[in-house]
Amino acid sequence: MKAVVYTGDRTITVEDRPKPVILAPTDAIVKVIHTTICGTDLHILQGDVPSCTPGRVLGHEGVGVVDSLGLAVTNFAIGQQVLISCITSCGSCYYCRKKMPSQCESGGWILGNEIDGTQAEYVRIPHASFSLHVLPGTIDPKVAVTLSDTVPTSYECGILNGEIQPGATVAVIGTGPIGLMSLQLAKKLFGPAMTVAVGRGTSRLEKAKSMGANHTFSVLNGQDTAISSALAVTKERGFDVVIEAVGTVESFEIAQALVGPGGTIASLGVFGESCELHLEKLWNRNICLRTRLIDAVSTPDLLKMVEAGAIDPHFLVSHSFTFKEIHDAYEAFQAPSKHGALKVVVTMDEPTTNGPL
Ligand SMILES: [Zn+2]
Ligand SMILES: [Zn+2]
């Protein structure tokens with residue numbers, strides 16, 4: 001089968017790999033239909049994720065069809081269309097029982113990291129009973145790819161961690177897929193009084209505006225200007241909730257400057273370096289700072305919300321590619337402003353005449 005492999009040299013290559021096989025009774029093999037590229041894959045290419053070693057098949061998001069099942073997987077059937085969760089959950093370890101599969105003792109984020117992932121014709125899913133979801137036929141499978149990671153990350157790490165109350169003021173820092181999805185979830189589900197977006201790319205800030213952000217602020221005009229303009233619309237009170245969806249020194253500085261007394265910073269960026277925490281300014285402001293790696297425990301709820309039309313992640317799919325065009329897909333995702341890219345969905349090519357091997 002064809003697979004996207006991390007070379008260890010800031011690039012990917014497409015290789016022929018043997019089709020994965022069931023290694024444990026709790027495994028499933030899934031034939032991938034659609035997959036996508038994540039910001040985390042770019043972190044891997046930059047060498048920021050030491051647990052992902054050269055030779056690894058990348059990808060932790062996707063939709064597919066169950067190809068084979070280990071004997072212990074009784075809640076799925078061969079041929080069923082499934083959503084692959086980016087988080088592998090054994091369902092029974094200490095952390096899974098605490099509803100924190102991100103820390104699962106034999107799972108967590110391992111797909112396309114510690115084990116081969118979804119940017120391939122087939123993928124082995126360990127602990128399949130808890131790591132796959134039946135995909136309702138009413139949800140467009142291409143759009144469903146966003147439910148592997150982007151939507152549950154926005155919801156769990158941004159929205160739920162931010163504890164948005166109706167009438168709250170909400171600032172979202174970052175206008176990538178996670179930032180924009182967080183904006184939509186906040187507006188559609190929690191009735192904030194005001195939402196603002198802080199970002200870089202003009203087109204993405206315009207997108208945030210079109211999605212209902214009351215104000216947008218560009219850090220390209222200078223970090224201090226963005227902060228003072230954003231604080232001005234809160235009458236200098238600061239925001240009740242700040243969703244930090246970038247993961248840089250700059251975004252964390254802005255988040256601390258924007259949070260108001262009693263407010264919460266929900267930080268969900270992937271941080272590659274240490275950042276200053278300004279306790280000298282924050283200690284007496286009753287703030288809360290939360291971090292989280294997606295647990296993907298909300299995925300069944302989110303599937304129902306998409307089915308019911310309560311939320312709509314459709315806008316996230318900005319580009320579609322075939323697997324043959326995977327290098328173009330990476331290029332578009334790596335230069336999102338140039339290509340206007342949010343999520344790029346990659347659809348597997350029709351099987352070769354040899355059939356799956
Ligand atoms: Zn991802
Ligand atoms: Zn576990």
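Every number for a ligand or one of its atoms is a count from 1 in the order of the listing.
Annotation: angle subtended at the Zn ion (ligand 2) by Cys104 SG and Cys90 SG is 110°, to 10°.
Checking each of Thr35, Asp149, Thr118, Thr36 against His60 for a side chain to side chain donor-acceptor pair (under 3.5 Å) leaves exactly one that passes, namely Asp149.
In terms of heavy-atom proximity, Gly55 sits nearest to Arg17 at O-NH2, 2.7 Å. Closest approach of Arg56 to Ile115, counting heavy atoms only: CD-O, 3.1 Å.
By the 4.0 Å N-to-carboxylate-O rule, Glu156 lies too far from Lys99 to be salt-bridged with it.
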Exercise for the section: Show your working on salt bridge (charged side-chain N to carboxylate O under 4.0 Å, His left out) between Lys2 and Asp16 and close with a plain yes or no. Expected result: CA-CA 5 Å; Lys2 299 275 186 234; Asp16 273 309; 3.2 Å; yes

Practice task
Report the C-alpha distance between Arg290 and Glu163 in whole Å, list the side-chain angles of each, state the deciding distance to 0.1 Å, and finish with yes or no for salt bridge (charged side-chain N to carboxylate O under 4.0 Å, His left out).
Solution key: CA-CA 10 Å; Arg290 286 214 176 84; Glu163 293 197 327; 3.8 Å; yes

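In this structure, Val246 is a member of the same hydrophobic cluster as Val259, with clusters built from ILVMFWY side-chain heavy atoms closer than 4.5 Å.
For the Zn ion (ligand 1), the neighbouring protein N/O/S atoms at less than 2.8 Å, given as residue and atom, are Cys38 SG, His60 NE2, Glu61 OE2, Asp149 OD2.
Because the distance cut-off is set at 2.8 Å, Cys96 qualifies as a neighbour of the Zn ion (ligand 2) through one of its N, O or S atoms.
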